[in-house]
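First the proteins, then the strands, lettered A, B, ... as listed; each starts at 1. In this text the structure is predicted, and so the values were computed from the model without any measurement.
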Protein chains: 2
Amino acid sequence: MSMSATPTRKEREFQAREELILSHARRLLLEKGFQAWNMEQLADAVEYSKGTLYQHFTSKEDLVLAVSTDALRMRADLFEKAAQFKGKTRERCRAIGFACCEFAYNYPEYFHIEMMLKSASFWEKASEERRQAHAFQGARTWRVLNNIVVQAMALGDLPSGRYTPEQATFALVSVTVGSHIMTQEPILRVQAGITDPMASVRTNQDLICDGLGWQPLLHDYDYASTDKNIVKELFPSASAWLHID
Amino acid sequence: MSMSATPTRKEREFQAREELILSHARRLLLEKGFQAWNMEQLADAVEYSKGTLYQHFTSKEDLVLAVSTDALRMRADLFEKAAQFKGKTRERCRAIGFACCEFAYNYPEYFHIEMMLKSASFWEKASEERRQAHAFQGARTWRVLNNIVVQAMALGDLPSGRYTPEQATFALVSVTVGSHIMTQEPILRVQAGITDPMASVRTNQDLICDGLGWQPLLHDYDYASTDKNIVKELFPSASAWLHID
DNA sequence: CCACATTTTGACCGTTGGTCAAATATTTTC
DNA sequence: GAAAATATTTGACCAACGGTCAAAATGTGG
């Protein structure tokens with residue numbers, strides 16, 4: 001019965017078990033999607049019973065939302081790290097693009113899950129707590145990118161007359177999400193002749209930035225050098241998904 | 001036992017019933033999504049039994065895929081109609097943008113369903129016939145847009161050195177899908193201050209076109225006149241979703 | 001060692017997608 | 001036009017699964 005802020009042994013055990021459950025659920029989601037596994041199987045995997053799972057999560061949807069929010073938190077972390085990059089505003093925006101690819105490489109199932117959250121009656125079945133946690137992490141990623149856009153306009157790198165910062169940020173978010181989803185569509189990949197999905201995503205981001213008139217434009221500057229620095233300083237492990245010919 | 005190509009009475013009745021089922025399923029999907037209705041309820045609605053439904057569709061997923069493909073066919077029809085617009089290549093591309101908004105307005109549930117198709121184990125449960133039908137309609141929409149891009153490059157409206165036609169088409173498809181999905185996200189709508197979703201989608205398409213250097217650029221030409229003509233000639237009913245201040 | 005509190009369990013429930021033998025309707029045959 | 005043959009429709013039934021809860025197991029304090 002501790003009144004202190006430090007967790008008791010019980011509380012720590014509870015937390016450790018929750019992470020165990022989440023890690024196994026993440027694996028199942030990655031391997032099988034949402035439908036092709038059930039709570040019984042997950043209970044077997046973590047070596048607890050079904051009833052115990054429901055002490056941590058109100059429903060299967062609540063559990064999946066928790067997995068998704070965990071991933072979203074990591075993405076926000078990567079975004080904040082990328083935003084620290086020293087350079088012009090467009091270079092920093094570019095660093096965010098790398099962060100998003102780094103994330104997508106490590107959590108390839110994430111966008112699928114995120115799409116499920118939008119369509120189904122997921123939100124009704126999830127607990128209020130987890131809904132708020134998800135919204136909070138989503139707001140973090142938005143804020144990081146929007147801050148860079150605001151600064152770019154303040155500095156004059158990005159024309160401020162035609163589009164509001166929010167419009168520009170929204171365009172970047174939309175093209176990024178859309179590109180990640182579309183690159184994961186096998187049929188479209190063949191039609192569009194895509195061999196390097198991450199490169200396609202970043203190309204589309206460049207198109208939006210150029211369309212916004214974000215200086216310096218793609219072909220007026222040596223972004224190859226920028227990219228080298230971003231990778232070296234922020235994402236040394238990016239070579240796993242970065243295909244440079 | 002007719003050997004002729006014209007359908008017998010039975011075949012016509014079967015076809016009519018299939019359309020009845022599809023129209024009720026479409027309504028249920030629109031009102032309740034995927035989970036919040038079951039095959040029993042659909043059977044009641046069409047005044048047939050569950051068993052009869054399964055003579056038309058191999059599974060609930062197969063049925064939903066059929067609804068989705070129907071919608072996709074209408075979209076392809078609208079695209080082909082829009083591509084006929086007389087004008088510069090970028091104006092025709094713009095007409096496609098209008099077609100997509102017209103479609104999204106009439107089938108607001110479509111993108112949600114389309115996202116379900118990507119994530120879940122939908123395809124396994126659907127019949128081979130319906131899978132092919134869906135791929136065919138998808139290919140139609142791609143082709144229409146890609147043709148315009150190819151022509152634009154041939155005419156010199158669109159620089160052909162930097163991006164391939166497929167890359168340009170892919171960028172437009174990605175930004176469109178991403179924008180439609182994102183505009184349907186209530187939280188993001190507040191964050192981005194979006195009051196007119198369709199306008200946001202079309203703005204993002206313009207940004208990609210400008211980024212590609214598709215002449216004439218957005219602010220070098222009187223596209224307001226173009227838009228008036230597109231609406232008048234192709235989509236007279238667009239006033240329902242077109243908010244012009 | 002016992003009494004009490006907490007945690008864990010898995011049998012059980014309701015719902016739902018899907019099946020199939022029986023009932024019903026339709027067509028063919030004589 | 002009645003009986004036989006064929007085709008269609010039905011809804012009871014099944015299995016799978018998310019979720020619940022009384023009982024068993026475990027832990028705790030005296």
Check: When you check every protein heavy atom under 4.0 Å of nucleotides 4-11 of chain C, what one-letter string (B, S, -) results, 5' to 3'?
Finding: ---SBBB-
Next item on the list: Calculate the interatomic distance between B:Gln35 atom CD and C:dT15 atom P; express it in whole Å.
Entry: 16 Å
Note to self: Please report the distance, rounded to the nearest Å, between NE2 in B:His56 and C1' in D:dT9.
What the structure shows: 11 Å
Margin query: Give me each pair satisfying salt bridge (charged side-chain N to carboxylate O under 4.0 Å, His left out) with a member in residues 39-48 of chain B, each pair once, sequence neighbours excluded.
Written below: B:Glu40-B:Lys50
Checklist line | A:Arg73: side-chain contact (heavy atoms from CB on, under 4.5 Å) partners, not counting sequence neighbours | finding: A:Thr69, A:Asp70, A:Asp77, A:Gln137, A:Arg140
Note to self: One thing to verify: whether B:Arg12 and B:Glu18 come together as a salt bridge, which I'm taking to mean a side-chain N less than 4.0 angstrom from a carboxylate O.
What the structure shows: no
Check: Whole Å only: how far is the NZ atom of B:Lys60 from the P atom of C:dT19?
Finding: 15 Å
Next item on the list: Give one of base, sugar-phosphate or nothing for A:Thr58, where a contact means two heavy atoms less than 4.0 Å apart.
Entry: nothing
Next item on the list: Starting from P on D:dT20, measure out to CZ on A:Phe57 and report it in whole angstrom.
Entry: 15 Å
Item checked: Results of salt bridge (Lys or Arg N to Asp or Glu O under 4.0 Å) for B:Glu13 - residues two or more places apart only -> B:Arg9
Checklist line | Nearest-Å distance for atom pair CD/C1', residues B:Glu13 and D:dA7 | finding: 13 Å
Checklist line | Pairing residues for B:Glu19 by the side-chain contact (heavy atoms from CB on, under 4.5 Å) criterion, not counting sequence neighbours | finding: B:Gln15
Margin query: Without decimals, in angstroms, what is the distance between B:Glu18 CD and D:dT9 P?
Written below: 13 Å
Checklist line | Atom-pair distance (CG on B:Leu53; C1' on C:dT16), nearest Å | finding: 14 Å
Notebook entry, point to check: Of the nucleotides C:dG17, D:dG19, D:dC17, which one has an atom closest to the side chain of A:Asn38?
Noted result: D:dC17
Note to self: Could you tell me how far apart A:Glu124 (CD) and D:dG19 (P) are, to the nearest whole angstrom?
What the structure shows: 13 Å
Note to self: Can you list everything that forms a salt bridge (Lys or Arg N to Asp or Glu O under 4.0 Å) with B:Lys125? Sequence neighbours excluded, please.
What the structure shows: B:Glu61
